[in-house]
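So the structure is just underneath, and the comments pick up after that.
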Number of protein chains: 2
Amino acid sequence: MKELETQKIADLLKALGEFNRLSLVYELCQCNTPQNAMCLCNCCSVDASVASRHLKVLKQEGIVTLEKNGRERTYALNRGYVAKSLRLLADKIENNNGDSDE
Amino acid sequence: MKELETQKIADLLKALGEFNRLSLVYELCQCNTPQNAMCLCNCCSVDASVASRHLKVLKQEGIVTLEKNGRERTYALNRGYVAKSLRLLADKIENNNGDSDE
DNA sequence: AGCATATTTGCACAAATATGCAAGTATAAT
DNA sequence: ATTATACTTGCATATTTGTGCAAATATGCT
């Protein structure tokens with residue numbers, strides 16, 4: 001149970017912790033409108049298939065959301081979820097929350 | 001330059017984004033006193049050599065600090081740095097800070 | 001010096017991961 | 001129906017990564 005939670009946050013961090021994937025996230029971060037995958041694969045200079053796979057990972061982790069518009073798929077950053085998760089971890093690390101041994 | 005920064009935060013996240021390494025961080029997070037590596041290798045059930053290597057990675061990323069006391073090395077979590085880095089990223093992701101395109 | 005404890009390093013290896021290309025699928029346009 | 005666009009998926013592959021064991025190193029103890 002604790003393990004599951006640890007694994008989940010580890011997976012989130014791992015998904016973010018790869019250069020091209022983080023570049024995609026940054027790219028999405030700068031545009032307020034959802035972007036399609038083709039646009040995104042330009043931001044890091046990789047094959048479309050590579051961008052596609054990275055976006056799949058990001059989606060699986062809930063970092064981005066996907067919407068299908070005709071033949072194009074637009075991705076949007078799940079800002080709230082990612083920010084919240086990161087802050088939760090930051091709080092835990094900084095405050096050693098609750099558990100006060102000293 | 002931007003790339004370097006992206007790479008740096010990616011490396012930090014990658015270091016945190018592995019189950020056993022994150023477990024070590026959590027373990028260090030709960031103890032306010034620095035812990036030696038032997039103690040730490042018990043928290044995740046891995047060989048001492050494995051814990052040693054993970055701690056090395058964490059140290060390289062500035063996540064933990066090392067202090068030598070005689071033959072034992074005690075590690076302490078660099079709470080401030082890690083928390084600050086995570087919050088910075090959270091802010092960036094949530095606020096699309098400054099850069100207002102639409 | 002000799003032994004015990006704490007930790008790191010060399011080696012081997014299996015599993016995961018990132019990548020590109022080519023082929024496949026889906027949908028829109030003509 | 002044919003063609004074009006926007007992806008995704010199936011290989012093949014090269015690289016990285018996590019792991020354990022055994023040996024090496026470092027330091028303290030007697």
Side-chain angles (χ1 to χ4, degrees), chain A residues 3 6-28 31 33-61 63-77, chain B residues 3-4 6-28 31 33-77:
Chain A
E3 299 234 333
T6 304
Q7 185 67 64
K8 196 181 172 209
I9 181 79
D11 287 342
L12 178 74
L13 295 170
K14 182 177 288 182
L16 291 170
E18 198 272 338
F19 183 78
N20 284 327
R21 247 169 355 236
L22 188 58
S23 301
L24 288 174
V25 168
Y26 280 178
E27 183 71 18
L28 282 171
C31 347
T33 58
Q35 300 293 305
N36 65 26
M38 286 301 91
C39 160
L40 290 169
C41 82
N42 291 333
C43 94
C44 39
S45 27
V46 291
D47 193 74
S49 65
V50 174
S52 174
R53 271 183 262 255
H54 281 317
L55 287 165
K56 189 179 180 183
V57 171
L58 294 173
K59 189 182 136 228
Q60 279 171 341
E61 290 305 320
I63 295 165
V64 301
T65 56
L66 166 66
E67 202 177 330
K68 299 189 179 188
N69 298 348
R71 70 185 147 187
E72 82 181 8
R73 280 125 205 250
T74 55
Y75 293 88
L77 188 53
Chain B
E3 299 234 333
L4 281 184
T6 304
Q7 185 69 63
K8 195 180 172 211
I9 181 79
D11 287 342
L12 178 74
L13 295 170
K14 182 178 288 182
L16 290 170
E18 199 274 334
F19 183 77
N20 284 326
R21 252 176 343 243
L22 188 58
S23 301
L24 287 173
V25 168
Y26 279 178
E27 183 71 18
L28 282 171
C31 348
T33 58
Q35 300 293 304
N36 65 26
M38 286 301 92
C39 161
L40 290 169
C41 83
N42 292 333
C43 95
C44 40
S45 27
V46 290
D47 193 73
S49 64
V50 173
S52 174
R53 271 183 261 255
H54 281 319
L55 287 164
K56 189 179 181 184
V57 172
L58 293 173
K59 189 182 136 226
Q60 279 171 341
E61 290 305 321
I63 296 165
V64 301
T65 56
L66 166 66
E67 202 176 330
K68 299 190 179 188
N69 298 350
R71 70 184 147 190
E72 81 181 9
R73 280 125 205 250
T74 54
Y75 292 89
L77 189 52

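Order of the sequence lines sets the chain letters (A, B, ...), proteins ahead of strands, with each chain counted from 1. These numbers were taken from a predicted model, which means no experiment stands behind them.
- The separation between A:Arg53 atom CZ and D:dT9 atom C1' is 7 Å, rounded to whole Å.
- Note: B:Thr6 OG1 to B:Asp11 CG = 10.5 Å, rounded to the nearest 0.5 Å.
- Contact detail for A:Thr74 and A:Asn69: the closest heavy-atom pair is OG1-ND2, 3.9 Å.
- Using a 4.0 Å cutoff on non-hydrogen atoms, the parts of residues 12-25 of chain B near DNA chain D are B:Lys14, B:Glu18, B:Asn20, B:Arg21, ordered by number.
- On the nucleic acid side, DNA chain C has its first and last nucleotide under 4.0 Å of a heavy atom of chain B at C:dA4 to C:dC11, going 5' to 3'.
- Each of B:Asn36 and A:Ser49 has a nearest nucleotide on DNA chain C; the 5'-most of these lies closest to B:Asn36.
- Counting to the nearest Å, the P atom of D:dT8 and the CG atom of A:Leu55 are 7 Å from each other.
- In this structure, B:Cys44 SG and B:Phe19 CZ are separated by 8.0 Å, a value rounded to the nearest 0.5 Å.
- When every heavy atom of A:Leu28 is checked against every heavy atom of A:Tyr75, the shortest pair comes out as CD2-O, 3.3 Å.
- Contact detail for B:Val57 and B:Ala15: the closest heavy-atom pair is CG1-CB, 4.0 Å.
- Annotation: the span from A:Leu24 atom CG to A:Glu18 atom CD amounts to 9.0 Å, rounded to 0.5 Å.
- Put simply, CD on A:Glu67 and CZ on A:Arg73 are 12.0 Å apart, with the number rounded to the nearest 0.5 Å.
- For the residue pair B:Cys43 and B:Ser23, the shortest heavy atom distance occurs at SG-O, 3.9 Å.
- Under the side-chain hydrogen bond (donor to acceptor under 3.5 Å, both in side chains) criterion, B:Asn42 pairs with no residue, sequence neighbours left out.
- For DNA chain C, none of the residues of residues 57-67 of chain B falls under the heavy-atom distance limit of 4.0 Å.
- Taking CD1 of A:Ile63 as the start and NE2 of A:His54 as the end, the distance is 12.0 Å to the nearest 0.5 Å.
- Residue A:Lys56 is classed as a sugar-phosphate contact, given heavy-atom separations below 4.0 Å to backbone atoms only.
- The stretch residues 69-76 of chain A comes close to DNA chain D through A:Arg71, A:Glu72, A:Arg73, A:Tyr75, each having a heavy atom under 4.0 Å from the strand.
- With rounding to the nearest 0.5 angstrom, the CG atom of B:Asn20 is 12.0 Å from the CD atom of B:Glu27.
- For A:Thr65, the side-chain hydrogen bond (donor to acceptor under 3.5 Å, both in side chains) test picks out no residue, with sequence neighbours left out.
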